[in-house]
There are 2 protein chains.
Amino acid sequence: MRVSLKDVAAHAGVSVKTVSNVVNDYPYVTAAMRERVQRSIDELGYRPNLTARHLRKGRTGIIALALPELGNPYFAELAAAVIDAAAAHDYTVLLDHTGGRREQEILVSQGFRARVIDGLILSPIELETEDLRDRTGDVPMVLLGERDYDLPYDHIAIDNVAAARAAVRHLIGLGRREVAFIGDRRGRSEPAQLRVRGWREELAEAGLPADDGLVADTDGWGHADGAAAMARILEAGRRPDAVFAYNDLVAIGAMRVLHARGLRVPEDIAVVGFDDVVEGRFGAVTLTSVSPDKEAIGRLAVESVLARLGGKPAEPRRFRADHRLAERESTLGRGAANA
Amino acid sequence: MRVSLKDVAAHAGVSVKTVSNVVNDYPYVTAAMRERVQRSIDELGYRPNLTARHLRKGRTGIIALALPELGNPYFAELAAAVIDAAAAHDYTVLLDHTGGRREQEILVSQGFRARVIDGLILSPIELETEDLRDRTGDVPMVLLGERDYDLPYDHIAIDNVAAARAAVRHLIGLGRREVAFIGDRRGRSEPAQLRVRGWREELAEAGLPADDGLVADTDGWGHADGAAAMARILEAGRRPDAVFAYNDLVAIGAMRVLHARGLRVPEDIAVVGFDDVVEGRFGAVTLTSVSPDKEAIGRLAVESVLARLGGKPAEPRRFRADHRLAERESTLGRGAANA
DNA sequence: GGCTGAATTTACAACGTTATACAGCCCGTC
DNA sequence: GACGGGCTGTATAACGTTGTAAATTCAGCC
């Protein structure tokens with residue numbers, strides 16, 4: 001059985017509290033006593049039981065991070081950033097994935113999946129505002145990503161509309177006139193809507209028509225979805241000279257189809273993705289992509305959830321993490337600097 | 001403040017234990033009592049404090065999974081498999097990443113990173129047998145991956161030598177005669193050694209020379225490492241007709257370089273990877289790859305760590321998960337079935 | 001040598017839960 | 001109508017830790 005404070009106390013011939021004092025570096029302990037107790041601790045191999053400590057203190061030292069899917073490298077990279085940011089505050093991260101399904105997201109937001117946690121960072125996809133309304137308020141929660149909820153939770157996102165506009169502006173600046181958007185979800189995904197809006201606004205500003213026939217829906221946001229949507233556009237007889245994809249996976253899937261049909265990127269069709277995942281930097285054609293500052297997002301998320309720990313009812317805050325456009329071969333052509 | 005059993009008991013006018021009995025579906029509770037208590041529970045919004053429950057029961061319901069890096073999609077996909085397998089047993093997963101660094105791995109194996117856990121699944125890269133020798137034995141641990149430790153821990157791996165041989169056999173069967181291996185770590189990585197061994201054995205069996213000049217070292221196992229190694233081989237004036245890479249990321253990095261230099265895959269050089277990550281199925285040229293059964297690995301890992309919970313000192317077991325070769329365009333050429 | 005006050009150590013009660021053991025109660029039986 | 005036994009419900013004591021407050025020790029000083 002495991003060694004407890006009591007065992008150490010008996011072994012050292014002192015009270016339990018004294019051992020606790022040594023373990024916690026309580027100042028009023030004589031050097032002699034400290035050494036004597038420490039010897040017993042070492043000898044017995046005592047290790048504090050964190051569950052008990054947490055029960056006593058009311059904190060667990062764990063925050064949960066719930067992401068739609070780990071298979072998407074964007075989320076994997078984000079998870080790594082959150083884990084590192086949490087470690088810097090002596091917190092560990094319990095990871096969950098929701099598949100982006102509303103039910104799972106509700107379960108997570110209510111704390112039914114991971115319940116021994118001090119805080120929750122949730123990246124919702126389908127979750128609705130009403131799903132959060134009667135959330136029991138004991139565990140602070142921070143929302144991540146593009147959805148905009150009118151609720152008193154901290155929220156960390158990048159400016160999707162601005163980012164999308166920058167991407168489309170880049171394409172227009174390169175002389176492209178027919179820019180498709182791939183990755184809408186039949187208007188039912190808010191982040192996709194924001195990016196479509198950016199696309200629309202930037203085209204309008206350039207005096208170009210925003211042709212709804214060039215907005216392609218997808219079921220998901222993986223490689224296969226991008227490939228299927230790109231194929232549909234081409235089979236409908238459309239031939240845009242540029243594609244702005246919801247994310248990098250969709251973009252890479254689309255490029256795969258273009259390649260298979262003998263269309264050159266970027267000569268025939270330029271492609272811009274979103275997320276700047278590592279994968280995009282190592283395809284046959286490197287991918288131009290909107291690059292959110294993942295470290296900043298992870299850091300902000302951890303810091304804001306930890307700041308709420310005391311249950312302080314501060315005003316909810318909205319953080320905007322930075323983004324930039326990483327320009328690569330899929331828009332600039334072979335030999336482009338690998339930004 | 002949070003509602004506790006005591007509050008519910010006071011509200012319902014019964015003892016604490018009775019409320020506990022209702023919560024835990026203890027059979028000897030009358031329907032009337034059950035309903036009365038349940039009403040109080042609902043009214044007050046009671047939710048059990050798992051920390052306390054865990055303290056009492058000695059279990060936390062959490063297992064830790066420590067992987068080298070999440071950025072590698074193989075590990076992200078594996079993590080997803082473990083999370084799902086754990087959820088099937090009502091366990092949640094605390095995720096950590098070690099960067100594949102020995103010190104981090106030691107810390108994790110000793111439980112210094114995540115300490116509120118019932119069990120640990122560790123995928124080591126640099127960890128040495130001696131690092132585990134004086135591990136304090138309270139938390140059961142299962143090792144994942146290719147390293148072979150002579151220690152009493154369950155271990156789950158695929159047969160690396162056999163898998164590597166299958167990959168090389170496939171290349172030889174396609175008529176390739178000069179097969180490079182990319183991704184050794186100067187002989188210091190055991191899993192790489194196993195794959196090199198498979199490469200060597202299969203070449204020997206085919207009566208082909210195993211040319212050490214065609215074994216390329218890398219510092220890591222990411223895209224960039226594969227790209228650098230491939231470039232080095234070509235710059236040394238070598239022109240193999242096939243490449244077997246340590247993993248898919250290395251393979252994709254290598255293909256990127258081949259493409260940039262105008263070499264065609266597979267016509268000029270066929271490429272085989274390892275891990276079968278999704279990314280490999282959506283490049284301009286889809287990647288032939290050794291495909292380990294990740295679901296099986298995740299399932300076996302969770303099941304064996306949970307089986308050890310009682311501290312039963314059963315004989316350590318070694319599980320071999322299945323693998324197969326997913327044959328795609330990087331060896332078969334355009335139009336290959338997308339296995 | 002006893003007094004004072006600071007420095008050190010300790011006893012005890014929590015934190016919220018469940019296991020154990022026991023106390024009623026109701027029912028049928030002899 | 002007392003007795004045994006199966007149902008229900010309860011008091012109490014843990015689980016291992018730390019905060020509080022009280023007890024002890026000790027040095028310095030009159």
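Residue numbers start from 1 in every chain, and the chains themselves are labelled A, B, ... in the order their sequence lines are given, proteins ahead of strands. Computed from a predicted structure; not experimentally measured.
- At least one donor-acceptor pair closer than 3.5 Å links the side chain of A:Asn49 to the backbone N or O of A:Thr51.
- A donor-acceptor pair shorter than 3.5 Å can be found between the side chains of A:Asp118 and A:Tyr91.
- Remark: A:Lys6 is in phosphate contact with D:dC15, judged by side-chain N or O atoms under 4.0 Å from OP1 or OP2.
- Counting non-hydrogen atoms under 4.0 angstrom, B:Asn21 reaches a base of the nucleic acid.
- Residue B:Arg56 places no side-chain atom within donor-acceptor reach of the base of C:dA19, judged by atom type and a 3.5 Å distance cut-off alone.
- Salt bridge annotation for A:Arg39-A:Glu35: present, with a cationic side-chain nitrogen under 4.0 angstrom from a carboxylate oxygen.
- In this structure, B:Arg36 places its CZ atom 15 Å from P of D:dT8, rounding to the nearest Å.
- Using a 4.0 Å cut-off between charged side-chain N and carboxylate O, A:Asp154 and A:Arg308 make a salt bridge.
- Rounded to whole angstrom, the span from the OH atom of B:Tyr28 across to the C1' atom of C:dG24 amounts to 17 Å.
- For the pair A:Asn24 CG and D:dT20 P, the computed distance is 14 Å after rounding to whole Å.
- Residue contacts for A:Val23: at a heavy-atom cut-off of 4.0 Å it reaches no nucleic acid atom on any strand shown.
- Environment of CZ in A:Arg317: sparse, with no more than 12 heavy atoms of neighbouring residues, nucleotides or ligands closer than 6.0 Å.
- What separates CD of A:Glu35 from P of C:dT8 is a distance of 16 Å, to the nearest Å.
- A salt bridge links B:Arg102 with B:Glu130; the closest basic N to acidic carboxylate O contact falls under 4.0 Å.
- Closest approach to the A:Val29 side chain among D:dT17, C:dT17, C:dT9 is made by C:dT9 (side chain taken as heavy atoms from C-beta onward).
- When rounded to the nearest whole Å, the span between CE of A:Met33 and C1' of D:dT25 equals 11 Å.
- If you check every strand for non-hydrogen atoms under 4.0 Å, B:Val14 touches sugar and phosphate atoms only.
- Place B:Ser15 and A:Lys57 on DNA chain D by their nearest nucleotides, and B:Ser15 ends up nearer the 5' end.
- A:Tyr26 comes within 4.0 angstrom of a nucleotide base, judged by non-hydrogen atoms across all strands.
- Out of C:dA11, C:dT8, D:dT17, the shortest distance to the side chain of A:Ser4 is found at D:dT17.
- Note on B:Tyr46: a side-chain N or O is less than 4.0 Å away from OP1 or OP2 of C:dT17.
- Counting only heavy atoms from C-beta on, A:Thr18 has its side chain closest to C:dT9 among D:dC7, C:dT9, D:dG19.
- Between B:Asp25 atom CG and C:dT18 atom P there is a gap of 12 Å when expressed in whole angstrom units.
- Here the nucleotide nearest the side chain of A:Thr30, chosen from C:dT10, C:dT18, C:dT9, is C:dT9.
- Place B:Pro27 and A:Asn49 on DNA chain D by their nearest nucleotides, and B:Pro27 ends up nearer the 5' end.
- For B:Pro48, the side-chain atoms get nearest to C:dT17 when compared with the rest of D:dT17, C:dT17, D:dC15.
- Remark: C1' of D:dC15 and CG of A:Leu5 are 12 Å apart, rounded to the nearest angstrom.
- For B:Lys17, counting side-chain heavy atoms from C-beta on, the closest listed nucleotide (D:dG9, C:dG16, C:dT18) is C:dT18.
- In this entry the distance linking CG of B:Leu50 with P of C:dT18 reads 9 Å, nearest Å.
- If you check every strand for non-hydrogen atoms under 4.0 Å, B:Ser20 touches a base.
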